[in-house]
Amino acid sequence: MRLLLKIVTGLLAFYAAFVVVFEAGYLGWAQPSFAGNGIPMMVLTTTDDAGDARSRMLAQFNTDGALYASAHHWPRGWYRRALQHPAVQVEIDGVVADYRAVSITGSEFERVAAAHPLPFMVRFLMGFPPEREILRLDPATPRPS
């Protein structure tokens with residue numbers, strides 16, 4: 001029984017270390033693009049209370065013509081900054097534009113989350129992070145119809 005406990009403890013410690021390296025190192029520091037794997041990417045630039053800008057590579061997704069970003073990892077600094085200072089910039093395919101970040105809830109959240117589910121393997125690699133939060137990114141200036 002002790003051997004089994006040691007094995008399970010070792011596996012859990014290895015998994016926790018893997019998640020930290022994956023989330024903080026690979027996704028956080030390296031900020032890879034998954035565009036080559038068919039995942040549309042964007043660079044979201046937020047500002048903090050001091051007005052300092054920070055950019056983060058994120059997957060982008062569209063539902064019913066609206067642009068969204070999902071906070072579904074442990075680190076969520078970009079998400080908190082976007083809520084505090086919703087005037088953000090988004091770069092998609094080299095084109096930079098101003099947007100307003102809006103947290104979504106209720107039926108809009110349910111519809112968007114259902115349209116873009118997080119597969120089990122994604123949640124496993126991220127260490128089963130807290131429930132996701134989603135931002136809608138509305139163009140700062142309405143586009144002509």
Side-chain angles (χ1 to χ4, degrees), residues 5 7-145:
L5 183 60
I7 291 171
V8 169
T9 301
L11 287 173
L12 288 175
F14 175 81
Y15 178 62
F18 169 81
V19 169
V20 167
V21 169
F22 182 77
E23 286 277 295
Y26 182 61
L27 295 178
W29 182 73
Q31 295 192 43
S33 172
F34 299 104
N37 296 334
I39 299 172
M41 302 298 291
M42 68 178 160
V43 176
L44 176 73
T45 301
T46 58
T47 54
D48 61 19
D49 289 336
D52 295 328
R54 289 205 199 155
S55 296
R56 167 75 47 207
M57 175 81 67
L58 298 170
Q60 53 130 329
F61 49 98
N62 293 281
T63 299
D64 299 330
L67 177 64
Y68 294 92
S70 174
H72 56 266
H73 298 274
W74 287 99
R76 295 177 182 209
W78 67 267
Y79 179 81
R80 287 187 295 277
R81 285 188 304 276
L83 291 178
Q84 290 175 336
H85 305 278
V88 299
Q89 283 192 325
V90 175
E91 178 183 343
I92 298 174
D93 297 328
V95 176
V96 179
D98 294 327
Y99 285 81
R100 181 156 190 83
V102 179
S103 178
I104 64 167
T105 59
S107 62
E108 182 180 12
F109 176 89
E110 296 302 325
R111 183 174 42 79
V112 172
H116 305 278
L118 295 175
F120 174 81
M121 187 52 86
V122 169
R123 291 181 297 128
F124 176 80
L125 290 171
M126 296 176 203
F128 299 97
E131 188 171 335
R132 81 196 287 194
E133 297 171 283
I134 300 175
L135 289 179
R136 186 181 65 242
L137 300 166
D138 295 335
T141 52
R143 294 189 175 122
S145 301

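- In this structure, Q60 CD and Y68 OH are separated by 13.0 Å, a value rounded to the nearest 0.5 Å.
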Criterion side chain to side chain contact (heavy atoms under 4.5 Å, CB included) on D49 and R81, from CA distance to verdict: CA-CA 8 Å; D49 289 336; R81 285 188 304 276; over 6 Å; no
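- Partner of I92 under the side-chain contact (heavy atoms from CB on, under 4.5 Å) criterion, chosen from L67, V43, L44: L67.
- Taking each heavy atom of S55 and Q31 in turn, the nearest pair found is O-NE2, 3.7 Å.
- The minimum heavy-atom distance between P119 and P117, with the atom names listed, is CD-O, 3.4 Å.
- Side-chain contact between M57 and S33: present, with at least one pair of heavy atoms (C-beta onward) separated by less than 4.5 Å.
- Of the residues V88, I104, L83, V102, the one that meets the side-chain contact (heavy atoms from CB on, under 4.5 Å) test with L135 is L83.
- Proximity of V96 to T45: side-chain heavy atoms (C-beta onward) are nowhere separated by under 4.5 Å.
- With contacts defined as side-chain heavy-atom distances shorter than 4.5 Å, the pair V112/F61 qualifies.
- Rounding to the nearest 0.5 Å gives a distance of 9.5 Å between CZ of R132 and CE of M126.
- By the 4.5 Å heavy-atom criterion applied to side chains, F18 and L125 are counted as neighbours.
- Using a 4.5 Å cut-off on side-chain heavy atoms (C-beta onward), Y79 and L58 make no contact.
- The two residues A97 and Y99 come nearest to each other via the heavy atoms O-CD1, 3.4 Å.
- Two residues are said to be in side-chain contact when any heavy atoms from C-beta on lie closer than 4.5 Å; R54 and D52 fail this criterion.
- Annotation: the span from D64 atom CG to R111 atom CZ amounts to 4.5 Å, rounded to 0.5 Å.
- Of all the heavy atoms in T47 and A53, the pair that sits closest is CG2-CA, 4.1 Å.
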H116 vs T63, side chain to side chain contact (heavy atoms under 4.5 Å, CB included): CA-CA, chis, key distance, verdict: CA-CA 9 Å; H116 305 278; T63 299; 2.7 Å; yes
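- Atom CE of residue M41 and atom CD of residue E91 lie 12.0 Å apart, to the nearest 0.5 angstrom.
- A donor-acceptor contact shorter than 3.5 Å links the side chain of D48 to the backbone of A50.
- Within the model, atoms OG of S70 and CZ of R76 stand 7.5 Å from one another, a figure rounded to the nearest 0.5 Å.
- From Y15, atom OH reaches atom CZ of F128 across 4.5 Å, with rounding to the nearest 0.5 Å.
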